[in-house]
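Reviewing the structure listed below.
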Protein chains: 2
Amino acid sequence: MVRAGLTRERLIRAGAELADEVGFAEVTVSALARRFEVKVASLYSHVKSSHDLKTGIALFALAELADRGSAALAGRAGKDALAALANVYRDYATEHPGRYAAAQLRLDPATAAASAGGRHAQMTRAILRGYDLTEPDQTHAVRLLGSVFHGYVSLELGGGFSHSAPDTGETWSRIVDALDALLRNWPAP
Amino acid sequence: MVRAGLTRERLIRAGAELADEVGFAEVTVSALARRFEVKVASLYSHVKSSHDLKTGIALFALAELADRGSAALAGRAGKDALAALANVYRDYATEHPGRYAAAQLRLDPATAAASAGGRHAQMTRAILRGYDLTEPDQTHAVRLLGSVFHGYVSLELGGGFSHSAPDTGETWSRIVDALDALLRNWPAP
DNA sequence: GCATTTGCCTAAGGGGTATAGGCAAATGCA
DNA sequence: TGCATTTGCCTATACCCCTTAGGCAAATGC
């Protein structure tokens, strides 16, 4: 019988594509086996479990998103950098909703530490170098930016803003304006 | 045989409690049946499906959260109101993580329209009456506040801010300060 | 007190997860 | 090139969750 050439990496990539098509929650070992025209049990030599598969997809998405962020940030500073990173998150979520959802998977501390999660925090910190913030305000601002990016994108993706004017792209760019103004004029405690 | 006295409402309440204990994703018709010491099939006279049960829990949580918001907002305005509503969301998520997760369930448009979702948007709009914003900036601001509240709370709950100083309560109150400053000084387009 | 309704039950089928053990294809080495 | 070993995918099996159909007994209504 001809072998399918399964690999942990191929399974994770295919899982990411499947997530974008049907949603991350619907990514299942069985569905993936069907996609490769292979029996379910065959996948268990390559991934430890369904959870392991999903974790793999999450790490993949986190890294891919961090790569896009780094690329967008190169050569930019200040508001320009802020808008660029903001758009990376929003565009990624639009193009790859399943992967974006995967990136939100709760990871156990050890896995999280080894993930690209730290790169994301570093990118936000890099943007803040264009503004005049010192600790602990810088950390507060990192958390605020993370919250806005994640919150907005997930509400928009979840349909929370649908069917209402003005359009969400307009709001997004005004929010970036507002964040820029806030960072330039961060209130004293 | 003694009847258990099942009711749609009792099932949804118990489902909400179960969600807080084991996580919303682990709320299952089977688990609920075990909790009532009843056979699984018995629940299907009260809820249409597993999805219907989860939707019920989501609507319950959305309404409960809106009630808390209304109560907190009564008699407050300006930054005081802003901080009060912000804390309602954060405290609810801390006390009832499963219900908070349930409130994030994506609802179909008809169900969403009949939910307490609209009350949430109205509460945020009410806060903005204490600031000097006109449309469309008011809508942009509503979306920003929603994004920050939801984003911060879900990142904090997901462990995104863990193991790092300063503590998250401190950041939260500084973020409320920052939002207040931003709303008082919203940038022109 | 009896008929009707209601509530929970048993039975059964379908899909996902996971493990054990088997056979054949690929690989490595003389 | 031929044989032994390793590797990859398979069948079989068991368990859990979801869902529907149909049955019997408790509660309700007249």
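A note on names: the letters A, B, ... follow the listed sequences, proteins ahead of strands, and every chain is numbered from 1.
When the side-chain nitrogen and oxygen atoms of A:S42 are compared with OP1 and OP2 of D:dC10, one or more of them lie within a distance under 4.0 Å.
Between the side chains of A:W172 and A:N87, at least one donor N or O sits under 3.5 Å from an acceptor N or O.
Here C:dG7 presents its P atom at 13 Å from CG of B:L43, a figure rounded to the nearest Å. Across the protein-nucleic acid pair, B:Y44 atom OH and C:dA12 atom C1' stand 14 Å apart, rounded to whole Å. The interatomic distance linking A:L6 (CG) with C:dA26 (P) rounds to 14 Å, in whole Å.
Cluster annotation: B:L145 and A:L182 are assigned to the same hydrophobic cluster (Ile/Leu/Val/Met/Phe/Trp/Tyr, side-chain heavy-atom contacts under 4.5 Å, transitive). Following chains of ILVMFWY side-chain contacts shorter than 4.5 Å, one can reach A:V47 starting from A:F36, so the two form part of one hydrophobic cluster. Both B:L179 and B:L73 are assigned to one and the same hydrophobic cluster, defined by single-linkage of ILVMFWY side chains at heavy-atom distances under 4.5 Å. A:L18 and A:Y100 are not part of a single hydrophobic cluster, where members link through side-chain heavy atoms under 4.5 Å apart.
By the neighbour-count criterion of 12 heavy atoms within 6.0 Å, atom CD of A:E37 is sparsely surrounded, having that number or fewer from other residues, nucleotides or ligands.
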Quick one: the dot-bracket string of DNA chain D, using Watson-Crick and G-U wobble pairs with both distances under 3.5 Å, [ ] for crossing pairs and | for bases paired to another strand. ||||||||||||||||||||||||||||||

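The stretch residues 7-41 of chain B touches DNA chain D through B:T28, B:V29, B:S30, B:R34, B:V40, B:A41, each having a heavy atom under 4.0 angstrom from the strand. If you check residues 49-57 of chain A against DNA chain C, the residues with a heavy atom closer than 4.0 Å are A:S49, A:S50, listed by number.
Annotation: cation-pi pair B:R143/A:F161 present, NZ/CZ under 6.0 Å from the ring centroid and within 45° of its normal.
In this structure, CZ in B:R125 is found 4.0 Å from OG1 in B:T139, a value given to the nearest 0.5 Å.
A:V40 and A:A33 get closest at one heavy-atom pair: CA-CB, 3.7 Å.
Side-chain contact between B:D20 and B:E95: absent, with no pair of heavy atoms (C-beta onward) separated by less than 4.5 Å.
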